[in-house]
Amino acid sequence: MLVVAASFSLCDRPPIIELAAKHRMPSIWEWPEHVDDGGLMSHGASLNGLIQRQAELMSRLFKGAKPADLPVEQPSSVELVINLKTAKALGLTIPLALLLRADRVIE
């Protein structure tokens with residue numbers, strides 16, 4: 001199951017993770033923070049990093065910067081995070097090649 005970045009997946013994260021576990025459905029998330037809560041894996045930019053950067057840009061706006069003067073940005077890095085505890089609960093074996101490429105493995 002691919003869970004895309006959307007307001008419902010942020011707000012309803014616990015029930016989505018519970019349903020995926022109940023139905024033994026592997027879940028791939030866009031944000032690494034969701035894997036900390038029990039998702040199987042993610043490949044994307046850090047949600048916390050994006051929120052922090054957004055706050056910095058909003059601060060510049062509140063201090064008088066013109067929106068047209070703010071840079072258009074995209075995340076500078078993405079993370080591959082794998083939750084081995086969830087994989088074990090689902091009866092999955094994650095290939096070693098994928099584990100070696102992961103930025104972070106939760107055991």
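Pairing each heavy atom of Pro26 with each of Arg24, the nearest pair is CD-O, 3.6 Å. Of all non-hydrogen atoms in Ala20 and Met1, the two that sit nearest each other are CB-CE, 3.7 Å.
Grouping the Ile, Leu, Val, Met, Phe, Trp and Tyr side chains by contacts below 4.5 angstrom, directly or via other members, places Phe62 with Leu70. Residue Ile28 is grouped with residue Val105 when hydrophobic side chains (ILVMFWY) are merged at heavy-atom distances under 4.5 angstrom, including chains of intermediate members.
A distance-only check finds no donor-acceptor pair linking the side chain of Arg60 to the backbone of Pro67 [under 3.5 Å]. With Asp103 contributing its side chain and Leu80 its backbone, the two residues share a donor-acceptor pair below 3.5 Å.
Residue Glu107 holds its CD atom at 8.5 Å from CG of Leu99, rounded to the nearest 0.5 Å. Atoms CE and CD1, on Met58 and Ile51 in that order, are 13.5 Å from each other to the nearest 0.5 Å. For the atom pair CG (Leu92) and CE (Met41), the distance works out to 8.5 Å, reported to the nearest 0.5 Å. For the atom pair Leu98 CG and Ile82 CD1, the distance stands at 4.0 Å (nearest 0.5 Å). Here Glu56 contributes atom CD and Gln54 contributes atom CD; the two are 11.0 Å apart, rounded to the nearest 0.5 Å. Rounding to the nearest 0.5 Å places CE of Met25 at 12.5 Å from CG of Leu40.
Using a 4.5 Å heavy-atom cutoff, the side chains of Ser27 and Ile17 are not in contact.
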Item to complete: Determine, step by step, whether Val78 and His43 satisfy the side-chain contact (heavy atoms from CB on, under 4.5 Å) criterion, reporting the C-alpha distance in whole Å, the side-chain angles of both residues, the deciding distance to 0.1 Å, and the verdict.
Response: CA-CA 6 Å; Val78 295; His43 187 256; 3.7 Å; yes
Discussion item. As a quick check of understanding, evaluate side-chain contact (heavy atoms from CB on, under 4.5 Å) for Leu96 and Leu100, giving each step before the final call.
Written reply: CA-CA 6 Å; Leu96 182 60; Leu100 292 174; 4.0 Å; yes
Fill in: Step-by-step side-chain contact (heavy atoms from CB on, under 4.5 Å) determination, Ile16 to Trp29
CA-CA 11 Å; Ile16 294 170; Trp29 298 75; 3.5 Å; yes
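The stretch residues 79-101 participates, sequence neighbours left out, in these side chain to side chain donor-acceptor pair (under 3.5 Å) pairs: Asn83-Thr86.
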